[in-house]
Structure formats: C-alpha cells, structure tokens
Q: 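My questions will all concern the structure given below.
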Amino acid sequence: EDFTRRFIADDLDAELKDQFNLVLERFADARAERDVQASYLETVVRHVPVPFFAARADGSLALVNNPARRLTGLPTLTHLDDLADVDPTLPETLRQIDAGQQQLVQIRLREVPVEWRISVSQIRRDGNAERLYSIENLSGELTARESSAWRNLLRVLTHEIMNTLTPVTSLAETCSNMLKKQNADPEIRNAVGTIARRSGGLMNFVSRYRELMKIPTPRIEELSVLDVANSAVTLIREQFSEIDVAVDVSPESLKVQADRTLLDQVLLNLLRNAADALTDTTNARIDIRGRLDHGRVLLQVADNGPGMADHVLDQVFVPFFTTKREGSGIGLSLSRQIMTAHSGDIAVRSDTEGTVVSLVFP
C-alpha cells in the first residue's frame with residue numbers, strides 16, 4: 001500500500017512503466033478520496049445534535065460524538081461498560097436491543113429521572129460488524145407536552161366553571177340582599193347567604209388555579225446561585241426560625257441563566273414545602289446546595305424529614321394533588337412549568353432519611 005513509489009524507465013518498458021504509474025496514481029487518488037470521505041463523515045457524526053456512538057463486537061467504541069459525551073457526562077467514554085457509571089443496567093440493556101429496533105429506557109441520570117428512546121442499527125466495516133446506537137432524550141419533550149395538556153385542561157375547566165358560577169354567585173348575592181331588606185325568615189336568609197358565600201369561595205378557588213396558565217416568559221439574566229440562595233434563606237428564616245438552614249454553593253462564583261423573580265418563586269415554594277415536612281422532626285435541618293454537574297447547574301433543597309411514600313412521590317407534580325390540609329396542590333406543578341420554561345427540569349428523590357428536590361438548569 002505504498003503508493004508513493006514510482007517506476008522509472010530503467011525498471012521496465014516505457015509503456016508498461018506509464019501504465020503502472022497510472023495505476024498507482026489511481027490507487028492513491030482513491031485512497032485519498034476514501035480518507036477525505038471518512039474524515040468528513042466522522043466530523044458530521046461528531047457534531048450532529050443526536051447522541052450517537054458505534055460499538056464493536058467486543059464492546060469497545062469505535063466512535064462517540066460530542067452530544068453522547070455531554071448526555072452521559074462521560075468525557076472518556078470508550079467502552080459500553082463505561083455506561084454502568086450512568087446506570088448499572090444500561091450496558092446490558094444496550095446489548096440486548098436487536099439491530100433495527102428501538103426501545104424506551106427509563107433511568108436516573110445524575111439524580112434526575114429520564115426517559116431515552118434508543119435506536120440500534122448494524123453495519124459491517126472492514127469485514128467486522130459494528131452496532132450503531134442513537135439516543136433521543138424524551139424527558140424534556142414529555143414534560144413540556146404534559147404541562148401543555150394540563151394547561152389546556154385547566155383552561156377548559158376554569159372557563160366552564162366560571163361561566164356557571166358567575167351568574168349563580170350574582171343571583172345568590174342579590175337574593176340575599178333582598179331577603180335582608182324584606183326581613184325574611186332567618187333560615188331562608190341563612191341558606192341563601194350560604195349559597196352566596198360558597199359560590200364566591202369557589203370562584204376564588206378556581207381563580208387561584210388560573211396561575212398555572214399564566215406563567216410569563218422568563219427574562220433570562222446571569223444570576224449568582226449563592227446570592228439567590230442566601231436571599232431565599234433570609235426570607236424564610238424569620239418564618240421558620242426553629243429550623244437550621246444551611247447554604248453550600250461550590251464554587252461560590254457559580255452562575256445560572258434564569259429569571260430572578262421566577263427562580264425566587266420556585267425556591268421559596270420548595271423551602272416552605274421542606275419546612276412543612278419538618279413539623280414533627282427533631283433537629284430539623286434544610287440544606288440548599290448548588291453545584292456544577294457536567295456542564296449543568298444543580299440547585300437542590302434537601303430536608304431531613306420523614307420522606308414521602310412511593311405513591312405520594314409518583315403524584316407530586318400532578319396539579320391539585322396535595323397531602324396538606326390547607327394545601328392548594330399547585331406549588332410543585334407550577335415550579336415544574338417554570339423550570340420547563342427555562343429549558344430545565346425538576347426532580348424529587350425521597351426516602352426515610354429525607355427529601356431532595358433538584359432544580360436542573362442547562
């Protein structure tokens with residue numbers, strides 16, 4: 001394969017020499033073209049937005065593009081078994097997917113539950129079989145669609161309920177006032193007054209849930225995570241002075257791109273939830289932690305309360321679901337929509353040692 005060699009007249013017949021040299025030039029051109037094409041395709045694969053890698057039969061990776069490294073958080077990804085650092089079952093799951101098939105995989109990626117759609121195909125290169133894997137992260141899309149579905153449902157419900165309640169409330173108040181002027185039977189006045197009060201209360205109740213449909217577009221600016229955390233603690237400490245609240249941001253210069261007003265709203269809601277969970281806990285403590293995680297910013301609120309049962313944990317982001325006597329059930333749902341508007345995510349992990357809520361910023 002040394003195509004730099006050339007035949008001269010002393011070696012062989014002149015015409016044969018020219019033909020040999022022409023053959024060598026053609027081989028050299030073909031090889032150069034193949035190298036250019038290979039380099040071009042490799043560059044394209046490395047820069048396509050879809051995470052992609054190619055695995056040989058022994059599990060070693062022949063190619064890994066940049067999105068795959070960012071998604072997995074493994075800059076030195078060289079073998080399928082390295083993916084065990086992401087999830088212990090992931091390497092074997094990938095091996096079991098048949099070529100030409102897709103599979104949905106649910107894992108926890110650095111404390112955040114995610115759902116991947118993994119597609120597998122197979123090619124032969126240099127006589128050896130290689131499996132090509134592409135990964136679609138469906139979590140953000142699914143969360144956005146779920147939030148949109150809830151908003152549409154709430155829009156319909158609040159519209160219909162308000163259309164019905166408005167005239168009922170108005171008529172009940174009118175009747176109550178008329179009965180008072182006519183000095184009607186006290187029981188009748190009391191009954192009509194109760195209808196008026198309950199109708200008004202129900203209208204206020206429905207109006208509160210309109211908040212889920214009125215999330216403003218975030219006004220993104222660069223914020224100091226430490227400053228945001230300390231400000232939230234200042235606001236919450238007076239109300240819950242019996243709880244020890246600590247802030248740990250590393251590095252202290254950590255920044256996040258977010259809307260300050262919306263982020264404060266989310267953080268205060270999480271702190272109040274944590275404080276409520278610590279009502280019967282001795283040595284109650286809340287930790288606010290900020291850190292950089294593979295290019296993402298994590299802002300976490302952790303408490304040492306009793307934790308949540310699994311059936312509660314599965315429903316914490318469902319609008320109107322609450323375990324509090326006076327709760328509205330919109331706090332975490334609203335927080336999730338705010339994080340979705342920031343192209344981020346929110347995740348909850350809970351056990352008998354406490355609960356950790358993670359805000360994930362891209």
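Everything quoted here is computed from the prediction, not taken from an experiment. Quick note: numbers below take in every heavy atom, side chains included, and nothing from hydrogens, waters or symmetry partners.
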Q: In the structure I gave you, are the side-chain heavy atoms of V225 and V228 within less than 4.5 Å of one another anywhere?
A: no
Q: Check S335 against N269 and note the closest heavy-atom contact, atom names and distance.
A: OG-ND2, 3.4 Å
Q: Assess whether side-chain contact (heavy atoms from CB on, under 4.5 Å) is satisfied between T93 and W116, documenting all intermediate values.
A: CA-CA 12 Å; T93 299; W116 289 351; over 6 Å; no
Q: Does the side chain of R131 come within less than 4.5 Å of S121's, by heavy atoms?
A: no
Q: Should the heavy atoms of other residues, nucleotides or ligands under 6.0 Å from CD of E353 be counted, would the total exceed 12?
A: no
Q: Which value, rounded to the nearest 0.5 Å, describes the distance between F53 atom CZ and L94 atom CG?
A: 5.0 Å
Q: Testing the basics here: between Y133 and A55, what is the closest heavy-atom pair and its distance to 0.1 Å?
A: CE1-CB, 3.9 Å
Q: Taking atom CG of N283 as the centre, report whether more than 12 heavy atoms of other residues, nucleotides or ligands fall under 6.0 Å from it.
A: no
Q: Taking side-chain hydrogen bond (donor to acceptor under 3.5 Å, both in side chains) as the definition, give me every residue that meets it alongside D227, ordered by chain and number, with sequence neighbours left out.
A: R260
Q: Donor-acceptor pair, distance only, cut-off 3.5 Å: does the side chain of D345 make one with the backbone of V360?
A: no
Q: Over all heavy atoms of both residues, which pair between G305 and L278 is shortest? Give the atoms and the distance, please.
A: N-CD2, 3.4 Å
Q: Step through the shown structure and confirm whether more than 12 heavy atoms of other residues, nucleotides or ligands are within 6.0 Å of CD on E187.
A: no
Q: In this structure, would L63 and I123 fall into the same cluster of hydrophobic residues linked by side-chain contacts under 4.5 Å?
A: yes
Q: Is there a side-chain contact (heavy atoms from CB on, under 4.5 Å) between R26 and L22 once you walk through the steps?
A: CA-CA 6 Å; R26 294 287 176 84; L22 181 59; 4.1 Å; yes
Q: Looking only at atom types and distance, does a side-chain atom of N177 sit under 3.5 Å from a main-chain N or O of E173, one as donor and one as acceptor?
A: yes
Q: Taking side chain as C-beta onward, heavy atoms only, is L61 less than 4.5 Å from L77?
A: yes
Q: Please check: side-chain N/O of D303 versus main-chain N/O of A275, any donor-acceptor pairing under 3.5 Å?
A: no
Q: Can a donor-acceptor pair be found, under 3.5 Å and without considering hydrogens, that links the side chain of D98 to the backbone of Q101?
A: no
Q: Apply side-chain contact (heavy atoms from CB on, under 4.5 Å) to M308 and V348, showing your working.
A: CA-CA 10 Å; M308 292 182 281; V348 180; 3.6 Å; yes
Q: Closer than 3.5 angstrom, by distance alone: can the side chain of S60 be matched with the main-chain N or O of R56 as a donor-acceptor pair?
A: no
Q: Ignoring hydrogens and angles, tell me if any N or O in the side chain of D82 forms a donor-acceptor pair with the backbone of H79 under 3.5 Å.
A: yes
Q: Nearest heavy-atom pair of L263 and V256: which atoms, and what distance?
A: CD2-CG1, 4.3 Å
Q: Run the side-chain contact (heavy atoms from CB on, under 4.5 Å) check on E130 and Q122 step by step: do they pass?
A: CA-CA 6 Å; E130 291 185 3; Q122 185 166 302; over 6 Å; no
Q: Honestly curious: do V301 and L268 fall in one hydrophobic cluster under the side-chain, below-4.5 Å linking rule?
A: no
Q: Under a 4.5 Å cut-off applied to non-hydrogen side-chain atoms, are D287 and Q300 in contact?
A: no
Q: Who pairs with D81 by side-chain hydrogen bond (donor to acceptor under 3.5 Å, both in side chains), at least two apart in sequence or on another chain?
A: R95
Q: V120 versus Q103: any side-chain heavy-atom pair under 4.5 Å?
A: no
